[in-house]
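Take a look at the structure set out below.
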Amino acid sequence: MAGAKVDPITNIDDPRYVKALIHPLRIRILALLEERDASPVQLADQLDATLGTVAYHVRTLEKLGLIELVATHQRRGATEHVYSAREHPRFSDSAWAATSPLAKQAMVSTILTQIGEYATQSAAAGGFDRSDANFTRSALKLDEKGWAELAKASKSWLEQMGRIESQAKRRLDRSGEQGFDAGLVILLFEALPFFQIKEDDRAARGSRRSSRRSEQRVPS
């Protein structure tokens with residue numbers, strides 16, 4: 001019996017878009033397919049996951065219209081399916097606001113882990129050796145207007161990044177040069193200061209000790 005047809009995601013406010021990206025393996029699959037086309041076998045090898053698990057998530061992402069089949073090859077009597085990530089929209093402010101806190105935490109945790117691996121491994125390979133490479137963390141004190149202005153500015157940076165990459169692609173196509181990979185990470189968030197992290201950690205430890213003492217005093 002054939003599976004039910006699933007309409008592709010075409011609207012960033014579609015709740016399935018958020019649900020599709022909550023699973024950490026799907027986020028990693030999309031990240032790999034944004035770099036280059038690959039088959040489930042190649043993805044499974046890269047992700048250290050079973051072929052069955054990867055194939056299931058690939059089929060789900062394809063049904064939702066987030067990736068597409070771009071080629072097939074015959075390998076040892078079997079057909080290898082090769083996929084590519086489709087250009088998909090970013091979350092709108094309203095879609096993100098409507099996402100549950102639990103879903104947000106799961107997604108952000110996975111993406112931050114991926115960013116950490118991406119930047120750390122790139123650094124080990126000399127990714128920050130260029131004189132104009134940038135790694136900056138800024139601790140800011142803002143009001144609501146300042147936050148709104150910074151959020152607007154960060155979105156304009158993303159738009160500018162897209163234009164710069166498109167222009168670079170046209171130059172590379174004309175020149176025949178290979179080009180090289182570059183990474184840009186933009187994070188804007190309400191911050192927990194380092195001093196507050198330490199204080200919260202001490203408070204949590206104190207609460208656990210108090211709880212254990214209370215349990216010890218409870219008569220049997």
If you measure from [atom1] on [X] to [atom2] on [Y], what distance do you get to the nearest 0.5 Å?
{"X": "Q105", "Y": "S100", "atom1": "CD", "atom2": "OG", "result": "8.5 Å"}
{"X": "E149", "Y": "E144", "atom1": "CD", "atom2": "CD", "result": "11.5 Å"}
{"X": "S175", "Y": "R170", "atom1": "OG", "atom2": "CZ", "result": "13.0 Å"}
{"X": "K155", "Y": "L150", "atom1": "NZ", "atom2": "CG", "result": "11.5 Å"}
{"X": "E34", "Y": "S84", "atom1": "CD", "atom2": "OG", "result": "9.5 Å"}

May I ask you to decide if [Y]'s main-chain N or O and [X]'s side chain share a donor-acceptor pair within less than 3.5 Å?
{"X": "T53", "Y": "A49", "result": "no"}
{"X": "S122", "Y": "A119", "result": "no"}
{"X": "S109", "Y": "A106", "result": "no"}

Shared hydrophobic cluster for [X] and [Y] (ILVMFWY, side-chain gaps under 4.5 Å):
{"X": "V41", "Y": "V70", "result": "no"}
{"X": "L32", "Y": "L51", "result": "no"}
{"X": "Y56", "Y": "L69", "result": "no"}
{"X": "V108", "Y": "V185", "result": "yes"}
{"X": "F189", "Y": "I115", "result": "yes"}

field: Between T113 and T110, a side-chain donor and acceptor under 3.5 Å
entry: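 No, no side-chain donor-acceptor pair sits under 3.5 Å.
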message: Checking side-chain polar atoms at under 3.5 Å, does E80 have a donor or acceptor matched by the opposite partner on S39?
response: yes
Contact between [X] and [Y] at the side-chain level, heavy atoms closer than 4.5 Å - yes or no?
{"X": "E62", "Y": "Y83", "value": "yes"}
{"X": "L25", "Y": "I29", "value": "yes"}
{"X": "R163", "Y": "Q160", "value": "yes"}
{"X": "L187", "Y": "L112", "value": "yes"}
{"X": "R26", "Y": "L61", "value": "yes"}
{"X": "R174", "Y": "L172", "value": "no"}

Does atom [atom1] of [X] have more than 12 heavy-atom neighbours from other groups under 6.0 Å away?
{"X": "E117", "atom1": "CD", "answer": "yes"}
{"X": "D143", "atom1": "CG", "answer": "yes"}
{"X": "K169", "atom1": "NZ", "answer": "no"}
{"X": "E177", "atom1": "CD", "answer": "no"}

- prompt: Do R130 and F135 meet the cation-pi criteria used here (NZ or CZ under 6.0 Å from the six-membered ring centre, within 45° of the axis)?
  reply: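 So R130 doesn't make the cation-pi contact.
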Any idea which heavy atoms bring [X] and [Y] closest together, and the distance?
{"X": "I67", "Y": "L30", "value": "CG2-CD2, 3.6 Å"}
{"X": "L188", "Y": "A151", "value": "CD2-CA, 3.5 Å"}
{"X": "I186", "Y": "S154", "value": "CG2-CB, 4.2 Å"}
{"X": "G183", "Y": "Y118", "value": "CA-OH, 3.7 Å"}
{"X": "S138", "Y": "T136", "value": "OG-CG2, 3.7 Å"}
{"X": "A191", "Y": "P193", "value": "O-CD, 3.5 Å"}

Intermediate values then yes/no, side-chain contact (heavy atoms from CB on, under 4.5 Å), L158 and L184: CA-CA 10 Å; L158 290 172; L184 174 66; 5.8 Å; no
- request: Begin from the C-alpha positions of H57 and H23 and carry the test side-chain contact (heavy atoms from CB on, under 4.5 Å) through to its verdict.
  value: CA-CA 9 Å; H57 289 298; H23 198 287; 3.5 Å; yes
Audit row: H73, V82, side-chain contact (heavy atoms from CB on, under 4.5 Å) steps and yes/no: CA-CA 8 Å; H73 304 294; V82 180; 3.6 Å; yes
task: Take L33 and V58 through the side-chain contact (heavy atoms from CB on, under 4.5 Å) test and state the conclusion after the steps.
output: CA-CA 10 Å; L33 292 179; V58 165; 5.6 Å; no
